[in-house]
Amino acid sequence: MSQQYENNRREYASGWRTWHNDSVLSHVHIPDGIGVRLCIKDYSVSQMLENLYLSNQNPETTGDARTSACAYDASYTDLTVTWRQSVIRVQTALDGDDLVMLVTPIQKPFKPAALLVSGIVLWNSNGSVVRKADTLMLNMPSGSVPVYTTAPVISDPYFRLTMPYVAVTLDNAVGISTGKKRSLDEIQALIAQGRAKWEANKMQYGDWAEAYNAMQTSLAWNTIYAKDLAAPLTPVSRYWNSSFNGGYVLFCWDTYFAAMMLAFDNKSLAYSNAITITSSVEEMGFVPNFLGPTQHSSYDRSQPPVGSMACLWIYKRHKDEWFLREVYDNLIRWNQWWMDNRQTKNGLLTWGSVPFTPINGCPLEVDNVNTCMGAALESGLDNSPMYDNIEYDDQNHQLLLDDVGLSGLYIHDCRCLAEIARILGDIEKAEMLEKRAALIEENMESLWDEETGMYLNRRLTTGAFDHRLTPFHFHALFSSRAKGAHAERMVREHLLNPEEFWGDCVLPSIARNDPAWGDNFYWRGRVWGPMNFLVYMALCEHGMEDVRKELAIKSRDLFMPEWLEKGHIHENYSSAEPTGCANGSDSFYHWGALLCFIGLLEQEKNNL
């Protein structure tokens with residue numbers, strides 16, 4: 001680890017943050033690991049709301065939260081909680097190294113709910129929380145911090161909490177402050193200042209201000225603190241963290257996309273995510289499909305090779321050469337791993353899954369390993385119809401398929417990595433990578449089908465083309481050999497064809513005229529932010545400003561109604577009708593904001 005990265009991480013990972021995974025109603029002082037958590041008691045059923053995510057919640061059972069803001073630095077957050085008969089707005093802001101919170105009841109039950117301000121000690125940190133009369137004392141390694149409330153403290157010992165707390169009646173607005181006692185008026189003024197700063201920041205993006213806010217809010221709320229790495233990370237959603245063993249889970253291409261979105265205006269979080277996920281290559285030789293603490297990872301498979309693209313984009317955004325040096329060797333190893341383990345007899349690439357000895361004994365270390373499904377999971381497309389009934393070689397651990405999407409992404413990986421090598425002065429590696437890209441490009445020309453006007457997947461068992469089309473087929477546009485007539489036909493005859501990919505809800509994950517499109521479930525027809533984004537990046541290789549602009553607007557227009565109405569940012573969206581919320585789709589999954597990121601990039605290019 002370089003000193004620059006250590007300094008970057010130490011500087012950013014400090015102060016009050018929203019980085020406790022188990023509840024968006026908690027704030028923790030970093031790196032002390034001690035903080036406060038808000039809980040709510042409903043007296044009509046004597047039940048308490050203790051933990052709260054932003055995904056797939058129910059106001060009657062687990063509570064529901066709708067967020068409208070979360071600044072990266074926690075200088076302002078705003079969410080509305082619905083818990084049984086209560087509707088409560090919770091806003092927070094910072095005053096130097098102090099945290100202030102404003103809790104306002106909007107709808108009250110028959111008997112007003114109780115608001116509990118509880119201390120928390122996380123990650124087995126050193127320190128303690130004690131109650132002294134009506135004040136909480138957070139005894140941190142960096143010093144003791146008092147926590148005050150503006151409302152009278154009530155006496156109710158029957159709360160299901162094991163940490164010290166103070167409780168107040170939530171019949172009117174309540175202020176909470178650390179460091180020094182503040183009046184409700186003082187706290188409201190600090191909240192207004194934090195909101196004004198947040199508002200001014202987002203409004204600089206004009207017509208795309210709310211798109212920017214959605215992207216920032218999804219990334220900021222999903223950022224948590226990885227104590228084992230002493231670093232902030234941005235998993236896809238807090239809900240997914242809770243579903244996996246250990247404290248968090250990072251998915252490969254998801255994390256690179258998050259790093260790119262973060263790098264739009266927060267290089268510290270971008271560096272932390274990109275460096276952390278790329279560092280996993282040191283142990284495995286590849287970036288795994290998923291990665292967690294306690295050696296909880298997918299040792300059989302990787303995911304789409306987008307790392308060099310992401311890291312090069314981040315570098316061009318912020319120009320810190322040390323960042324490229326931090327990731328370079330591991331990106332080289334991962335690039336070579338694809339050639340050594342996923343190359344087909346035709347010199348192209350395919351997906352696979354390699355058997356390994358289980359480490360933790362969990363089902364994920366056994367289920368689908370060295371199978372067609374395991375290889376499909378490596379693609380990131382899970383249940384895509386593109387891999388239905390494709391033969392699998394369990395001796396070579398590969399799908400028997402020349403895959404257009406993977407081959408196109410790998411060409412781009414080679415080109416981006418060659419550019420990184422040249423920036424770092426490694427001319428020999430740069431030339432090797434450029435030759436490798438040119439060779440894959442030449443081999444991929446054998447996948448061009450003149451009759452279809454498209455590069456097609458090819459079955460290795462029969463040599464026949466497979467005509468099922470997905471947005472991944474447009475990754476062929478990353479090849480320099482696709483420029484000109486081939487690119488024009490692909491875009492005109494297929495991308496802009498409403499019977500296949502165009503329309504009000506773009507881009508479906510399988511062509512609309514494919515029988516599987518009607519399934520409209522997961523990768524069988526849904527619209528996915530990463531698919532739209534990678535097609536956008538491929539279009540950038542060919543200019544195509546008008547198509548890019550229209551893709552950006554259509555992506556935003558599909559995304560925005562659900563965000564404005566419910567504060568949702570979906571894992572995927574329906575491609576059948578612009579209803580937003582789709583069954584079985586995580587409702588606060590950060591890569592949904594890629595549908596906004598496309599337009600923010602186009603706006604910078606002055607095309608919007």
Side-chain angles (χ1 to χ4, degrees), residues 253 256-257 260 304-310 312-313 348-349 379-381 384 386 402-419 433-434 436-458 465-497 500-502 506-511 527-552 554-555 594 597-598 601-602 605 607:
W253 63 331
Y256 283 117
F257 292 137
M260 292 181 74
V306 299
S308 297
M309 174 190 74
L312 178 61
W313 191 89
L348 292 163
L349 279 297
S379 76
L381 307 186
S384 171
M386 183 164 49
D402 286 325
D403 193 284
V404 170
L406 173 56
S407 298
L409 281 179
Y410 187 72
I411 289 167
H412 195 49
D413 185 75
C414 290
R415 297 284 187 200
C416 291
L417 193 47
E419 188 171 347
L433 289 162
E434 287 160 356
R436 179 173 289 177
L439 178 60
I440 302 295
E441 286 180 338
E442 180 179 349
N443 294 338
M444 198 166 71
E445 284 305 293
S446 66
L447 299 183
W448 176 258
D449 181 46
E450 182 64 26
E451 181 179 353
T452 306
M454 195 71 165
Y455 291 88
L456 299 176
N457 291 344
R458 180 172 56 204
F465 286 141
D466 193 309
H467 287 80
R468 304 194 91 158
L469 298 181
T470 75
F472 259 41
H473 284 73
F474 297 105
H475 297 171
L477 293 170
F478 284 121
S479 171
S480 62
R481 299 283 293 269
K483 291 186 183 299
H486 283 187
E488 290 174 9
R489 286 196 65 188
M490 291 171 66
V491 171
R492 184 179 67 254
E493 297 177 22
H494 298 284
L495 182 64
L496 301 181
N497 182 349
E500 292 183 357
F501 296 105
W502 217 236
V506 300
L507 301 165
S509 49
I510 191 74
V527 174
W528 292 77
M531 281 189 155
N532 284 26
F533 178 69
L534 286 173
V535 170
Y536 169 79
M537 295 296 284
L539 291 171
C540 287
E541 299 293 307
H542 301 264
M544 298 191 176
E545 290 84 357
D546 290 343
V547 179
R548 286 174 9 217
K549 177 179 177 179
E550 198 167 351
L551 176 61
K554 285 179 175 290
S555 296
L594 289 166
F597 189 42
I598 295 169
L601 296 182
E602 273 300 286
K605 298 177 191 293
N607 291 324

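For reference, positions follow the sequence shown, starting with 1. Hydrogens, waters and symmetry mates play no part in the numbers below; they use all other heavy atoms, side chains included.
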Could you give the distance from [atom1] ([X]) to [atom2] ([Y]), rounded to the nearest 0.5 Å?
X	Y	atom1	atom2	answer
His412	Glu541	NE2	CD	5.0 Å
Arg468	Asn457	CZ	CG	11.5 Å
Glu550	Ser555	CD	OG	10.5 Å
Ser379	Leu406	OG	CG	9.0 Å
Met537	Leu594	CE	CG	10.5 Å
His494	Met454	NE2	CE	5.5 Å

| task | Could I get the full list of side-chain contact (heavy atoms from CB on, under 4.5 Å) partners for His486, not counting sequence neighbours? | result | Glu445, Trp448, Tyr455

| Looking at residues at least two apart in the chain, or sitting in another chain, which of them share a side-chain contact (heavy atoms from CB on, under 4.5 Å) with Ala538? | Leu477, Phe478

| request: With sequence neighbours left out, write down each residue that passes side-chain hydrogen bond (donor to acceptor under 3.5 Å, both in side chains) with Tyr256, or none if nothing qualifies. | output: Thr278

| field | With Arg492 via side-chain hydrogen bond (donor to acceptor under 3.5 Å, both in side chains) - residues at least two apart | value | none

Closest heavy-atom pair and its distance - [X], [Y]:
X	Y	result
Leu551	Asn532	CD2-O, 3.8 Å
Val306	Trp253	CG2-CB, 3.8 Å
Asn607	Arg548	ND2-NH2, 2.9 Å
Met260	Phe597	O-CZ, 3.6 Å
Ala476	Ala482	O-CB, 3.5 Å
Leu507	Pro471	CB-CG, 4.1 Å

| Salt-bridge present (Arg415, Glu441; N to O < 4.0 Å) | yes

| task | Answer yes when Lys549 and Glu602 have at least one side-chain N-carboxylate O distance shorter than 4.0 Å, and no when they do not. | result | no

Measuring only between side-chain heavy atoms, which start at C-beta, is [X] closer than 4.5 Å to [Y]?
X	Y	value
Val547	His542	no
Leu349	Asp402	no
Leu496	Val491	yes
Leu439	Asn443	yes
Ser446	Arg458	yes
Asp403	Tyr410	no
Leu469	Leu456	yes

| said: Angle between ring planes, Phe472 versus His475, binned at 30° and 60°: parallel, tilted or perpendicular? | reply: tilted

Just by modelled atom types, is the [Y] backbone N or O under 3.5 Å from a matching donor or acceptor in the [X] side chain?
X	Y	answer
Ser479	Arg481	yes
Asp413	Leu409	no
His473	Thr470	yes

| task | Show your working on side chain to side chain contact (heavy atoms under 4.5 Å, CB included) between Glu451 and Phe465 and close with a plain yes or no. | result | CA-CA 12 Å; Glu451 181 179 353; Phe465 286 141; over 6 Å; no

| message | Evaluate Leu348 against Met444 for side chain to side chain contact (heavy atoms under 4.5 Å, CB included), listing each step before the verdict. | response | CA-CA 7 Å; Leu348 292 163; Met444 198 166 71; 3.9 Å; yes

| field | Residues forming a ring-ring contact (aromatic ring centres under 6.0 Å, His included) with Tyr536, sequence neighbours excluded | value | none

| query | Who are the ring-ring contact (aromatic ring centres under 6.0 Å, His included) partners of Trp502, not counting sequence neighbours? | reply | none

| Going through the checks in order, is the side chain to side chain contact (heavy atoms under 4.5 Å, CB included) test met by Met309 and Leu534? | CA-CA 10 Å; Met309 174 190 74; Leu534 286 173; 3.9 Å; yes

| message | Leu381 vs Met531, test: side chain to side chain contact (heavy atoms under 4.5 Å, CB included). Steps then yes/no. | response | CA-CA 10 Å; Leu381 307 186; Met531 281 189 155; 3.8 Å; yes

